[in-house]
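A short worksheet on the structure shown next.
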Amino acid sequence: MARELSEQERRRREERRELEAAGINPYPYAWDVTAHAAEILEAYDDDRHGAPGNEDGKAVYRVSIAGRIMSKRVMGKAAFFHLQDSSGQIQVYLRRDDLPEGFYNTVFKKLLDIGDIVGVEGYVFRTRMGEVTVHAERIELLAKALRPLPVVKEADGKVYNEVTDKEFRYRQRYVDLIINPEVREVFRKRARLIATMRRFLDERGYIEVETPVLQPLYGGAAARPFTTHHNALDMPLYLRIADELYLKRLIVGGFDGVYEIAKDFRNEGLSRFHNPEFTMMELYVAYKDYVWMMDLVEEMIETIAVALHGSPEVPVGEHTISFARPWKRIPLFDAIEERTGRQLYGKRRDELAAIARELGLEIDDAMGAGKIIDEIFGEFVEPHLIQPTFITDYPVELSPLAKRHRSKEGLVERFEVICNGKEICNAFSELNDPDDQRARFEEQVRLALAGDEEAAREIDEDYLRALEYGMPPTAGLGVGIDRLTMIMTNQPSIRDVILFPLLRPEQPAEPSPASPAEAPAEAPAEAPAASPPGEG
RNA sequence: GAUCCCGUAGCUCAGCUGGCAGAGCAACUGACUUUUAAUCAGUGGGUCCCAGGUUCGAAUCCUGGCGGGAUCACCA
């Protein structure tokens, strides 16, 4: 049942017993925190703060802090340790003779470890070596750690024993956050990014709404869904792959602007750029088109870059990306021509396939004209677009929810923003002609029947009914929050901007001990191995 | 799904052509009342990812599996 404990774990449990025997609760209830490490370091000033007992007329800077012991240096009757709270680390100094009888030798030296959470009350001073430090007058254990914390040390900018194992860091993100300060910073920036975006949208009067995660029909994107089941109604449900169709119903309902920042779920492979659940912001604004939306996107993302970096310039890998407006805007076909020398607009499917093959791509018969164009773009153009770039005007067959282009036959009014070689936004003038929408849905169903696993299988009749009541001209936008965060925080993998990315389970699928299925499941597994020699 | 790389103490890692499983940090005992990768002396700690195989002998070689990473495929 219980896993075997390591030597250090056994010792910490023994310490816990000794603490309890000494009348110390290893898990007490609260601690009055009056200051954090970062603000103490910032506020401390030799000219204004003195030490108790000095007749120097300076004020004593008293603090009460709490956090985790990250290092411990005992030197006879005095000791130092570093305490880490949410703001950072600060050194604590303690002397045997300043503390209650027996505390230093028995409790501090023997029973408190790196990783334990303590409260410290004392006054701030500066050591001989110049480090601002809290001189402890009271220390209390606030939570005993029963597992040893990996000890990361640092000197002269070099880090020793850094935990680099990605698996360890993703599976035990709590430990990663404790020992890697830059990880905390990434997720603070992610929070600030979302907060900035939300404020930007709220200031413009758009309403934040919540639409169903569990949907009887899924739509709004091309992707395979996760399927689940509702017991009481005995019906299948899908986890949403996009919010789009519900948000546009709300535009029909009379809101001028709605947005949602929420998780979508797509039943696809995992990669540096894909996690099965990911965060998307979708925005729909009535009486606007995709040209207007480009202006809004530029302003919003520039605002975010400035909020996070103090400037629109963001370092990403070996590049510096500038989100300063305006960004380059180029039609899809012109972008392809720039890179390949081929103008594809107006070409038939067989001509496109021939060009793609000349360019060295593998084309199979199942690929439509739009798909081939998309392949060429993805191979020859997209990776080269480092600075944020609007790619506009896509083939209609790639965009079943976008409105036909007002002047270019066969295209829709759609743009994507490509940045650092990847799509971060997708937007269009929304299709609001219900009959055209029905025809596009029917085409999707046809593709699904022909084997396209990502095309919608069923027509969303309720959505068409909504459009038939009349939807104003509308501009729509989707922003991949995770990918935008990767760029804004300079992280190469989506797993580094998602706190708990999906991993395979650690245990190779053992039946849970609580499961009644365990006994019957194990019995037949053992029987064949045991029976041939024994029975017969 | 394919290919390549990785899996050894709590953490970081060494361990060659097969020959007693190691180092630093952490831990433990002792010394040290302003240290800072504290220092000094000593001690303990291992399912070498799992299961087979080869061999007198496997952390090491072989096969299969599990887990992770990277690249590719997939991903409008």
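Lettering follows sequence order; numbering is per chain, from 1. This structure is a prediction, so every number in the text was calculated from the model and none was measured.
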Worksheet item: Taking N and O atoms by type only, does the side chain of Q91(A) place a donor or acceptor under 3.5 Å from a partner on the base of U35(B)?
Response: yes
Worksheet entry | Euclidean distance, atom CE of residue M70(A) to atom P of C25(B) [Å, nearest integer] | 18 Å
Item to complete: Under a 3.5 Å limit for both distances, which nucleotide forms a Watson-Crick or G-U wobble pair with A27(B), could you say?
Response: U43(B)
Worksheet item: What nucleic acid atoms does R272(A) come within less than 4.0 Å of, heavy atoms only: base, sugar-phosphate, or nothing?
Response: sugar-phosphate
Fill in: Any-strand Watson-Crick or G-U partner of G52(B), both distances under 3.5 Å
C62(B)
Item to complete: Would you please indicate if the ring centroids of Y394(A) and F415(A) are separated by under 6.0 Å?
Response: no
Worksheet entry | Atom-pair distance (CZ on R10(A); P on G45(B)), nearest Å | 10 Å
Worksheet item: Given the C1' atoms of C20(B) and G65(B), what is the spacing between them in whole Å?
Response: 31 Å
Fill in: Interatomic distance where NZ belongs to K153(A) and C1' belongs to U36(B) [whole Å]
9 Å
Worksheet item: Between D156(A) and K158(A), is there a salt bridge with N-O shorter than 4.0 Å?
Response: no
Worksheet item: Looking at E454(A) and R224(A), does any basic side-chain N land under 4.0 Å from a carboxylate oxygen?
Response: no
Worksheet item: Expressed in angstrom and rounded to an integer, what is the separation of E379(A) atom CD from C72(B) atom C1'?
Response: 11 Å
Practice prompt. Calculate the interatomic distance between E282(A) atom CD and A76(B) atom P; express it in whole Å.
Written response: 14 Å
Worksheet entry | Atom pair distance, as rounded to whole Å: CD in E454(A) and P in C74(B) | 11 Å
Practice prompt. Describe the nucleic acid contact of K110(A) in one word from base, sugar-phosphate, nothing, applying a heavy-atom distance below 4.0 Å.
Written response: sugar-phosphate
Worksheet item: Mind checking the C1' distance from C13(B) to U55(B)? Whole angstroms is fine.
Response: 29 Å
Fill in: Distance between C1' atoms of G7(B) and G46(B) (Å, rounded)
15 Å
Worksheet item: Given the C1' atoms of C56(B) and U43(B), what is the spacing between them in whole Å?
Response: 36 Å
Discussion item. Within the 4.0 Å heavy-atom criterion, would you say S399(A) contacts the bases, only the backbone, or no part of the nucleic acid?
Written reply: nothing
Discussion item. What's R504(A) touching, base or sugar-phosphate or nothing? Going by heavy atoms closer than 4.0 Å.
Written reply: sugar-phosphate
Worksheet entry | Pair I139(A)-F81(A), side chain to side chain contact (heavy atoms under 4.5 Å, CB included): steps then yes or no | CA-CA 12 Å; I139(A) 298 179; F81(A) 65 88; 4.1 Å; yes
Discussion item. By the 4.0 Å heavy-atom rule, please label V159(A) as base, sugar-phosphate, or nothing.
Written reply: nothing
Worksheet item: Between atom CZ in F415(A) and atom P in A76(B), what is the gap in whole Å?
Response: 18 Å
Worksheet item: Charged N to carboxylate O under 4.0 angstrom, R17(A) versus E20(A)?
Response: no
Item to complete: Scan R171(A) against the nucleic acid and name what it touches under 4.0 Å (heavy atoms): base, sugar-phosphate only, or nothing.
Response: sugar-phosphate
Worksheet item: For G1(B), which nucleotide in any strand shown is its Watson-Crick or wobble partner with both distances under 3.5 Å?
Response: C72(B)
Discussion item. Please classify the nucleic acid contact of Y394(A) as base, sugar-phosphate, or nothing, using heavy-atom distances under 4.0 Å.
Written reply: nothing
Fill in: Donor-acceptor pair under 3.5 Å, D165(A) side chain vs G69(B) base
no
Worksheet entry | Sugar-phosphate only, base, or nothing, as touched by G478(A) at under 4.0 Å among non-hydrogen atoms | nothing
Item to complete: Remember a base hit wins even if backbone is also touched, and classify Y170(A) as base, sugar-phosphate or nothing at under 4.0 Å, heavy atoms.
Response: sugar-phosphate
Practice prompt. Please give the nucleotide sitting opposite G22(B) as a Watson-Crick or G-U wobble pair, both distances under 3.5 Å, or none.
Written response: C13(B)
Worksheet item: Taking N and O atoms by type only, does the side chain of E162(A) place a donor or acceptor under 3.5 Å from a partner on the base of U12(B)?
Response: no
Worksheet item: Within this structure, what is the CZ-to-P distance between R73(A) and U34(B), rounded to whole angstrom?
Response: 13 Å
Item to complete: Spell out yes or no: do the side chain of E154(A) and the base of A37(B) have one donor N/O and one acceptor N/O closer than 3.5 Å?
Response: no
Worksheet item: Base, sugar-phosphate alone, or nothing: which one does R495(A) contact when heavy atoms must sit under 4.0 Å apart?
Response: sugar-phosphate
Worksheet item: Hey, which of T392(A), L401(A), D393(A), T474(A) is the one that makes side chain to side chain contact (heavy atoms under 4.5 Å, CB included) with F428(A)?
Response: L401(A)
Discussion item. For the aromatic rings, using the six-membered ring if either is Trp, is the centroid distance between Y123(A) and Y61(A) under 6.0 Å?
Written reply: no
Discussion item. Between R357(A) and E362(A), does any side-chain N to carboxylate O distance fall below 4.0 Å?
Written reply: no
Fill in: G57(B) and G42(B), which share atom name P, separated by this distance in whole Å
39 Å
Worksheet item: How far, in whole Å, is A27(B) from U12(B) if one measures between their C1' atoms?
Response: 16 Å
Worksheet item: How would you label the contact of K371(A) with the nucleic acid (heavy atoms, under 4.0 Å): base, sugar-phosphate, or nothing?
Response: sugar-phosphate
Worksheet item: Would you say the base of G44(B) and the side-chain of E7(A) have a donor-acceptor pair closer than 3.5 Å?
Response: yes
Worksheet item: Which part of the nucleic acid, if any, lies within contact of A221(A), taking any heavy atom under 4.0 Å across all strands shown: a base, the sugar-phosphate backbone alone, or nothing?
Response: base
Practice prompt. Write down the partner of G67(B) under the Watson-Crick or G-U wobble criteria, each distance required to be under 3.5 Å.
Written response: C6(B)
